[in-house]
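Just follow the structure's listing: the first ligand is 1, and inside any ligand the first atom is 1. The analysis underlying the following values was restricted to heavy atoms, covering all of them including side chains, and did not include hydrogens, waters or symmetry mates.
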Amino acid sequence: MDNRAIGMFDSGIGGITVLKEVKKLLPNEEIIYLGDTKRFPYGSKSKDTIIEISRQCVKFLISKNVKLIIIACGTATSQSLEILKEEFNIPIIGIIEPTVKYIKENVNNEKERIGVIATSGTIKSGQWEKKIKEEVRNVEIINEEAPLLATMAEQGWISNKVAEYTIKEYMKCFKNIDKLILGCTHYPLFEKLIRKELKGNTEIINTGTKVAEFLKKYIKDNNIQNDESNKEYKIFLTDLDNNFNEIAERLLEDNLKTKIEKAEI
Ligand code: DGL
């Protein structure tokens, strides 16, 4: 047993889609979430910058005495996970490994076409394609950078005309695919519009659900469950002057007034 909290970070609201799935599957785990709103967006920054800011996020969460850290961000996972794992003596889990594990266990045929939509930084890193191809043979990967979506999500533009039009444009290259990985944790906010555009039988993969399943098993295998029931979550933001509360409250169906604090990093 280990009753310490689980730490999570993202550049802003996106990781809340991961928190939501983890809370569903692991209601007894306490979560400390860090939204690095001061430095949003991560998707357009250089690898060196992402490594440096991810390092600071990890240090902040360690100072809160967490037992493990989830990088609830595709950009930070793809560019900094390996280095952070070497530098810190705490388990760190990103969003790619749990999702690739799921894909490996669920490919229907050898010629599956898998779409990946993510930030520019994530797509340029090539990590999704590399990790999927290491595990599954003969898949075709269709990559698409969608630099506008995370910013629109932070603004709460997730179902208006601009969102509809933008999703329509980004979905053009994903005709006749078997699976679409939402490789940025902000994108599940657009899931309804994406579903409408893709029609057909494409499976849309919200990485948060895969992280939650992976985490549940990890916690059990390592015997670090929280043995108290229904633990809360706490949110820290590096900048409080933004739309975060409103969107997060809608997403989590919860009043966050007492749960958000400023993080000084
Ligand atoms: N939610 C993040 C991701 O998964 C970051 C988006 C951004 O800050 O650009 O990539």
Side-chain angles (χ1 to χ4, degrees), residues 7-22 33-58 61 69-82 84 92-100 115-129 131 143-158 163 166-167 170 180-191 194 204-212 214 235-239 242-244 247-248 251-252 263 265:
M8 280 188 193
F9 75 90
D10 178 46
S11 60
I13 193 80
I16 293 290
T17 63
V18 180
L19 185 151
K20 186 178 174 178
E21 300 304 329
V22 169
Y33 182 89
L34 173 63
D36 192 9
T37 41
K38 183 166 77 175
R39 289 175 290 197
F40 174 88
Y42 280 7
S44 53
K45 295 189 167 57
S46 70
K47 182 172 178 172
D48 284 350
T49 302
I50 294 300
I51 291 171
E52 187 44 42
I53 56 191
S54 299
R55 196 178 271 139
Q56 289 171 21
C57 291
V58 167
L61 290 169
I69 292 174
I70 304 288
I71 306 186
C73 170
T75 311
T77 298
S78 64
Q79 307 197 18
S80 67
L81 176 67
E82 277 160 30
L84 297 176
I92 305 179
I93 298 168
I95 68 165
I96 296 180
E97 186 189 349
T99 309
V100 172
V116 180
I117 184 163
T119 64
S120 303
T122 299
I123 296 297
K124 290 202 173 87
S125 78
Q127 284 295 307
W128 278 104
E129 179 148 5
K131 299 285 180 195
N143 289 295
E144 171 84 335
E145 295 177 21
L148 300 178
L149 293 186
T151 304
M152 285 168 54
E154 292 287 323
Q155 291 300 314
W157 285 21
I158 53 177
T166 311
I167 291 293
Y170 283 140
L180 176 64
I181 298 171
L182 305 182
C184 165
T185 52
H186 281 74
Y187 300 177
L189 289 158
F190 300 96
E191 196 166 336
I194 292 174
I204 298 171
I205 300 181
N206 171 353
T207 59
T209 61
K210 306 311 163 208
V211 169
F214 186 94
I235 297 174
F236 288 87
L237 299 179
T238 49
D239 187 334
N242 51 58
N243 300 321
F244 188 97
I247 307 163
L251 201 58
L252 296 169
I265 58 171

Of all residues at least two apart in sequence or in a different chain, which pass the ring-ring contact (aromatic ring centres under 6.0 Å, His included) check with Phe244?
none
By side chain to side chain contact (heavy atoms under 4.5 Å, CB included) - contacts of Lys210 (at least two apart)
Pro98, Thr99, Tyr102, Ile205, Glu213
Tested for side chain to side chain donor-acceptor pair (under 3.5 Å) against Tyr42, the lone hit among Asp10, Asp36, Thr122 is Asp36
Atom 5 (C) of ligand 1: closest protein heavy atom, distance to 0.1 Å, is Ser11 OG, 3.4 Å
Hey, which atoms in ligand 1 end up nearer than 4.0 Å to a heavy atom of Phe40?
7 (C), 8 (O)
Go through ligand 1 atom by atom and flag the ones less than 4.0 Å from a non-hydrogen atom of Gly43.
7 (C), 8 (O), 9 (O)
Asp10, any N or O under 3.5 Å of ligand 1 N or O
yes
Examine the proximity of ligand 1 to Thr75 and report which part, side chain or backbone, both or neither, has a heavy atom under 4.0 Å away.
both
Whether the side chain of Ser80 engages the backbone of Thr77 through a donor-acceptor N/O pair (distance < 3.5 Å, no angle test) should be reported.
no
CD/Glu154 to CG/Leu189 distance, rounded to the nearest 0.5 angstrom?
9.0 Å
Should Glu145 and Ser120 be marked as a side-chain hydrogen bond (donor to acceptor under 3.5 Å, both in side chains) after you check the CA-CA gap, both sets of side-chain angles, and the distance that decides it?
CA-CA 5 Å; Glu145 295 177 21; Ser120 303; 3.0 Å; yes
Return the residue, atom name and 0.1 Å-rounded distance of the protein heavy atom closest to atom 1 (N) of ligand 1.
His186 ND1, 2.7 Å
In ligand 1, which numbered atoms sit nearer than 4.0 Å to a non-hydrogen atom of Tyr42?
7 (C), 8 (O), 9 (O)
Considering both backbone and side-chain atoms of Gly74, is one of its nitrogen or oxygen atoms within less than 3.5 Å of a nitrogen or oxygen in ligand 1?
yes
Which pair of heavy atoms, one from Ser78 and one from Ser125, lies closest together, and at what distance?
CB-OG, 3.3 Å
Working to the nearest 0.5 Å, report the span between OG1 of Thr238 and CZ of Phe40.
11.5 Å
Residue-level breakdown please: for Cys73 versus ligand 1, do any non-hydrogen atoms fall below 4.0 Å on the side chain, on the backbone, on both, or on neither?
both
Give yes if a backbone or side-chain nitrogen or oxygen of Thr119 is under 3.5 Å from a nitrogen or oxygen of ligand 1, and no if not.
no
For the 3.5 Å polar cut-off, considering only N or O atoms, please tell me whether Thr185 and ligand 1 meet it.
yes
Applying a heavy-atom cut-off of 4.0 Å, say which part of Pro41 lies close to ligand 1: side chain, backbone, both or neither.
both
